[in-house]
Trainee: 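Next up is a structure, given as structure tokens.
Hydrogens, waters and symmetry mates play no part in the numbers below; they use all other heavy atoms, side chains included. By convention here, the first residue in the shown sequence is residue 1.
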Amino acid sequence: MRYDLVIFDNDGVLVDSEPISNRLLAGYLTELGHPTSYDDSLRDYMGAAMHRVHDLVEERTGRRLPDDFDDVFHARVFAAFERELKPVAGAGEVLEKLAADGVPYCVASSGSHERIRVGHRTTGLDRWFDEGRIFSSQDVGRGKPAPDLFLHAAERMGVAAERCVVVEDSPLGVQAALAAGMDVYGFAAMTAVEKLAGTKGVFRDMGELLDLLR
């Protein structure tokens, strides 16, 4: 392995949550009088922390979202996760191989700690992640595309940034990894290849990842 730490994004990389959460986000914003399509949500918010939703809506409309927006949205998302969420195909096998080979890995997600835990518990991926391997935008002042989250994860895992590799599926996440001085591979299952510019490589099947990292 060419790297000392593999940092995974969560939504869309480990758990197949992006279609669920962006469908619900678009619907809720539209319900509140901010017409948003599913494709709009993917374009503007995929890979972002919740503060980006608040910031963009207020910037575009001059209106703030309700104080309970996050709580209502997350309640809807978690209920849908319980019904629909699946792991990304091949993610469990990748984690199993990294663990067997003694390769350090962690997750660094724009989602909250609760969202990460719910997703992992629902999909069975929780067996691969103790608390010391989970990092959220809640842990830092700025979410992606700022580098803060990835730098925080590397520091807590005791690995220099230049020895880390990030696995991302969103343009915002790729920007954050590059800003952190880390190599990044783009998972293009839902994202157009041209939107993952700057990566060391792009792949569409999780089974390809380990060969790319060697």
Side-chain angles (χ1 to χ4, degrees), residues 1-24 42 46-49 77-78 80-137 144 149-150 153-154 156-157 159 164-174 176-177 182-193 195-196 199-214:
M1 187 70 66
R2 290 183 286 128
Y3 301 97
D4 295 335
L5 176 65
V6 182
I7 304 177
F8 291 94
D9 175 46
N10 190 56
D11 293 293
V13 172
L14 297 177
V15 297
D16 193 16
S17 53
E18 293 290 8
I20 299 171
S21 59
N22 282 282
R23 182 187 78 229
L24 293 172
L42 288 176
M46 181 175 166
V77 168
F78 296 162
F81 279 4
E82 296 289 347
R83 297 189 304 268
E84 305 174 41
L85 189 63
K86 305 293 183 186
V88 167
E93 290 78 2
V94 169
L95 294 169
E96 183 175 20
K97 180 62 174 173
L98 291 175
D101 291 348
V103 178
Y105 64 88
C106 66
V107 61
S109 172
S110 292
S112 66
H113 278 281
E114 184 181 12
R115 176 176 172 137
I116 297 167
R117 292 191 191 98
V118 169
H120 287 184
R121 184 175 66 250
T122 303
T123 58
L125 294 182
D126 54 339
R127 64 180 294 198
W128 305 113
F129 290 97
D130 56 43
E131 286 299 311
R133 296 181 189 268
I134 298 175
F135 305 100
S136 161
S137 61
K144 306 169 188 178
L149 176 57
F150 288 136
R156 290 292 300 273
M157 295 293 291
V159 178
C164 298
V165 62
V166 175
V167 184
E168 264 288 355
D169 71 326
S170 75
L172 293 175
V174 170
M182 300 177 180
D183 284 353
V184 55
Y185 283 87
F187 183 45
M190 283 188 58
T191 307
V193 171
K195 293 184 177 181
L196 298 173
T199 61
K200 298 289 287 185
V202 175
F203 63 105
R204 290 187 174 86
D205 184 326
M206 194 57 67
E208 303 170 28
L209 177 60
L210 293 177
D211 286 340
L212 292 173
L213 300 183
R214 291 191 177 99

Trainee: Return the NE2 to CD distance between His113 and Glu131, rounded to the nearest 0.5 Å.
Mentor: 7.5 Å
Trainee: Who passes side-chain contact (heavy atoms from CB on, under 4.5 Å) against Arg127, sequence neighbours left out?
Mentor: none
Trainee: Applying side-chain contact (heavy atoms from CB on, under 4.5 Å) between Asn10 and each of Ser110, Ser17, Ser136, Ser109, report the one that passes.
Mentor: Ser109
Trainee: Could you pull out all residues at least two apart from Glu82 that satisfy side-chain contact (heavy atoms from CB on, under 4.5 Å)?
Mentor: Val118, Arg121, Thr122
Trainee: Test Leu14 against Trp128 for side chain to side chain contact (heavy atoms under 4.5 Å, CB included), laying out the working first.
Mentor: CA-CA 11 Å; Leu14 297 177; Trp128 305 113; over 6 Å; no
Trainee: Apply side chain to side chain contact (heavy atoms under 4.5 Å, CB included) to Leu210 and Val94, showing your working.
Mentor: CA-CA 7 Å; Leu210 293 177; Val94 169; 4.1 Å; yes
Trainee: Can you name the residues that form a side-chain contact (heavy atoms from CB on, under 4.5 Å) with Glu208, not counting sequence neighbours?
Mentor: Phe203, Asp205
Trainee: Please enumerate all residues that pass side-chain contact (heavy atoms from CB on, under 4.5 Å) together with Val193, with sequence neighbours excluded.
Mentor: Ala188, Val202, Arg204
Trainee: Among pairs that include at least one residue of residues 183-193, which meet side-chain hydrogen bond (donor to acceptor under 3.5 Å, both in side chains), considering only residues two or more places apart or in two chains?
Mentor: Arg2-Tyr185, Tyr3-Asp183
Trainee: Can you sort out the partners of Asp11 under salt bridge (Lys or Arg N to Asp or Glu O under 4.0 Å), two or more places apart, ordered by chain and number?
Mentor: Arg115
Trainee: Do you know the tightest heavy-atom contact between Cys164 and Val159?
Mentor: SG-CG1, 3.7 Å
Trainee: Begin with the C-alpha distance, continue with both residues' side-chain angles, and end with the deciding distance and a verdict on side chain to side chain contact (heavy atoms under 4.5 Å, CB included) for Glu84 and Arg23.
Mentor: CA-CA 13 Å; Glu84 305 174 41; Arg23 182 187 78 229; 3.1 Å; yes
Trainee: Just do the side chain to side chain contact (heavy atoms under 4.5 Å, CB included) check on Leu98 and Met1 with the steps written out, would you?
Mentor: CA-CA 10 Å; Leu98 291 175; Met1 187 70 66; 3.8 Å; yes
Trainee: Please report the closest heavy-atom contact between Asp16 and Val88, naming both atoms and the distance.
Mentor: N-CG2, 3.8 Å
Trainee: Roughly how far apart are Ile7 CD1 and Arg133 CZ, rounded to 0.5 Å?
Mentor: 12.5 Å
Trainee: CD of Glu18 to OG of Ser170: how many Å apart, nearest 0.5 Å?
Mentor: 7.5 Å
Trainee: Would Phe150 and Phe135 count as a close aromatic pair, with their ring centres under 6.0 Å?
Mentor: no
